[in-house]
Enquirer: 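Would you mind keeping the following structure in view while I ask a few things?
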There are 2 protein chains.
Amino acid sequence: MSELHFNSKLPFLYCVFTIRNHRKNTVRKTLMNKTVNILMKQTANDTYQLLQGDLDGTDMLQHAVQKELQHTLSIEDDIFAEQLKTIYIPRKKEHATDKDYTPLLVYYAFIKEESLTHLLHEDSPYTALSIDEAQEKDVLPLHQKILFGGLSPLCGEEVNVYEQVQKKMFSSSIAKGLLNEEFTLSELRELLEAFVPSIRLNSSNFIRKITLSKMTKGLIEECMDENNCVKTSKQYSNNAAKLYRFTTEEPLLSYFN
Amino acid sequence: MSELHFNSKLPFLYCVFTIRNHRKNTVRKTLMNKTVNILMKQTANDTYQLLQGDLDGTDMLQHAVQKELQHTLSIEDDIFAEQLKTIYIPRKKEHATDKDYTPLLVYYAFIKEESLTHLLHEDSPYTALSIDEAQEKDVLPLHQKILFGGLSPLCGEEVNVYEQVQKKMFSSSIAKGLLNEEFTLSELRELLEAFVPSIRLNSSNFIRKITLSKMTKGLIEECMDENNCVKTSKQYSNNAAKLYRFTTEEPLLSYFN
DNA sequence: GAAATAGTGTCTATTAGACATTATTAC
DNA sequence: GTAATAATGTCTAATAGACACTATTTC
């Protein structure tokens, strides 16, 4: 059987996204300006690379992949990670002239800024690059193509992790990976705006759409305290904002009904 | 580097969906009743299995996977196939007691009924099972769980190919894989209804939604003939129906804007 | 004329989107 | 009072959904 053929380590690659929060220039309580960053490791020859690892098959896949990332980054918290695609990337055979391919599992992950602080000091090999930097700086070409597209000539199919994550941000509940379990609607709105900077969501209409429309029914719910009152937060404003959480449901988005 | 470790064959698995068309019981021109079927191979011990194969890395992934399926099924037409997920499935080590895991690339594919006729005769090992049959009959348990869920205890994560395909049918343009390049809106509607039998799409409103709403703008377009007139078909009715095709775009479906 | 599908008309309820307004509260 | 966010009000346009109706054409 085919299973018996398999006895190699399976390489995987992590696109780790994080959000940097910048305070606005004001004295009062304020919302944060958020920017999307991608975690890179700077190698000896000064090239930035995504995080990589190998799987030996001794553990369940999702578990192994998360554990490996926790270990690499010395993070103990649970990490939000999802598989995006398995691709074949070319490699040169040492002893032959024809190209062949090796598999690579591509994951994306979300890690909150506060879980990364211990990694982002001056003489650390890790850096969080902005999207612009990740496109312009000296990033390993393969990794740059996996992030932003252009693999097709190499691999015969396309991947564009950043675009995929942008889309999933709006059409799934993965935002939970970058929010606290309980969050305000302006936190959610700012997160979405950070991932698609061209978009401007009207905050009044945003609240109404999320809380009232049939389409989003069941996606999020209000957080209740022990007295069955809606929990609120004054973190960003003196006017308390309701706290919400994502449910485990994702209502179907459909073109056709 | 990790790439050098990899020298095994990588197994993959195909969930091949097809649509069976049944004429309604009438003398006149009529729409078809469609049912979803899954292609299975019946093994010696009478168990149904999904199609499998191995990749040796000599060809690009998507290309290799399609070629292998074409070869297995003796089909020359292009086959619509997409990767869904890579999972780890358990295997028993011959020489040890602890479990370990082997990777499996899960694909789904769409093949039109007419491309399968040569395979579905009496003494062929291939059968097209209805969704009900695939859930009730003696299908290899692993494959049944991959199709309909229940893998979690084995693999630590869930897959449910049928459910995923149902959802993608409504939220992407994969329907093109089971339609002719040019199709009528009732063909599309019947295809959707076949995949989610509980749904009843109002045919009048369906036409309007697809052709007028902003949400679906750009998803499909009318087919024009050489005189720049909209092409039509009388295949299902004496009243000609317009022909449409999917574009290469998929407008963003979003909870949030 | 009947059968069958294709498509338009019409009405109501819901939603989207723009934008003004009010509420809250620490300073 | 002011700054800042949270949320509601209001209005218009667009869409969804139910269902009646017309159109087409072969038999």
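Labels below follow one simple rule: chain letters A, B, ... track the order of the sequence lines, proteins then strands, and each chain is numbered from 1. Only a predicted model underlies this, so the values are computations on that prediction, with no experimental measurement involved.
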Enquirer: Nearest heavy atom decides the nucleotide; on that basis, is B/S237 or A/S237 closer to the 5' end of DNA chain C?
Expert: B/S237
Enquirer: More than 12 heavy atoms of other residues, nucleotides or ligands under 6.0 Å from CD of B/E249: is that the case?
Expert: no
Enquirer: Can you measure A/R200 atom CZ to C/dA18 atom P for me and round it to whole angstrom units?
Expert: 13 Å
Enquirer: What is the separation between atom NZ on B/K29 and atom P on C/dA6, rounded to the nearest whole Å?
Expert: 11 Å
Enquirer: Examine the base of C/dA3 for any acceptor or donor lying under 3.5 Å from a partner atom in the side chain of B/N238, and report the outcome as yes or no.
Expert: no
Enquirer: Evaluate the criterion salt bridge (Lys or Arg N to Asp or Glu O under 4.0 Å) for residue pair B/E181 and B/K176; output intermediate values, then yes/no.
Expert: CA-CA 7 Å; B/E181 200 194 324; B/K176 66 162 108 28; over 6 Å; no
Enquirer: Parallel under 30°, tilted from 30 to 60°, perpendicular over 60°: which one fits the rings of B/Y108 and B/F80?
Expert: tilted
Enquirer: Among the candidates C/dT8, C/dA23, C/dA6, find the nucleotide nearest to the side-chain atoms of B/S204.
Expert: C/dT8
Enquirer: Whole Å only: how far is the OH atom of A/Y236 from the P atom of C/dT25?
Expert: 19 Å
Enquirer: Please report the distance, rounded to the nearest Å, between CG in B/L188 and P in C/dA6.
Expert: 12 Å
Enquirer: Of all the nucleotides listed (C/dG17, C/dA3, C/dA6), which has the minimum atom distance to the side chain of B/T184?
Expert: C/dA6
Enquirer: Ion pair present between B/E82 and B/K168, side-chain N to carboxylate O less than 4.0 angstrom?
Expert: yes
Enquirer: Are side-chain heavy atoms of B/I38 and B/I131 found at a separation under 4.5 Å?
Expert: yes
Enquirer: Please write out each protein N/O paired with an N/O of nucleotides 13-15 of chain C under 3.5 Å, distance rounded to 0.1 Å.
Expert:
| residue | atom | partner | partner atom | Å |
| --- | --- | --- | --- | --- |
| C/dT15 | OP1 | A/K214 | N | 2.9 |

Enquirer: Do A/L69 and A/L51 come close enough that some side-chain heavy atom pair is under 4.5 Å?
Expert: yes
Enquirer: Determine the contact category for B/L185: base if any of its heavy atoms lies under 4.0 Å from a base atom, sugar-phosphate if only primed atoms, P, OP1 or OP2 are that close, otherwise nothing.
Expert: nothing
Enquirer: So, does A/K234 get its side chain near the phosphate of C/dA26, meaning an N or O under 4.0 Å from OP1 or OP2?
Expert: yes
Enquirer: For a 4.0 angstrom threshold against heavy atoms of chain B, report the outermost contacting nucleotides of DNA chain D in 5' to 3' order.
Expert: D/dT15 to D/dC27
Enquirer: Starting at CZ of B/F183 and ending at C1' of C/dA6, how long is that distance when rounded to a whole Å?
Expert: 16 Å
Enquirer: Tell me: CG of A/N202 to P of C/dC19, nearest whole Å?
Expert: 9 Å
Enquirer: Counting heavy atoms from C-beta on, name the nucleotide in C/dA6, C/dA4, C/dT10 closest to the side chain of B/R208.
Expert: C/dT10
Enquirer: Base, sugar-phosphate alone, or nothing: which one does B/S203 contact when heavy atoms must sit under 4.0 Å apart?
Expert: nothing
Enquirer: Calculate the interatomic distance between A/N205 atom CG and C/dA20 atom P; express it in whole Å.
Expert: 13 Å
Enquirer: Return the CD to NZ distance between B/E250 and A/K167, rounded to the nearest 0.5 Å.
Expert: 7.0 Å
Enquirer: Do A/L129 and A/Y48 have side-chain heavy atoms sitting under 4.5 Å apart?
Expert: yes
Enquirer: In terms of ring plane angle, is the pair A/F256 and B/F206 parallel, tilted or perpendicular, where the classes change at 30° and 60°?
Expert: tilted
Enquirer: Start with the C-alpha distance between A/F195 and A/F170, add both sets of side-chain angles, then the distance that settles ring-ring contact (aromatic ring centres under 6.0 Å, His included), and finish with yes or no.
Expert: CA-CA 9 Å; A/F195 268 92; A/F170 279 79; 8.9 Å; no
Enquirer: Mapping A/K24 and A/R28 to their closest nucleotides on DNA chain D, which lands nearer the 5' end?
Expert: A/R28
Enquirer: Without decimals, in angstroms, what is the distance between B/Y244 OH and C/dA6 C1'?
Expert: 10 Å
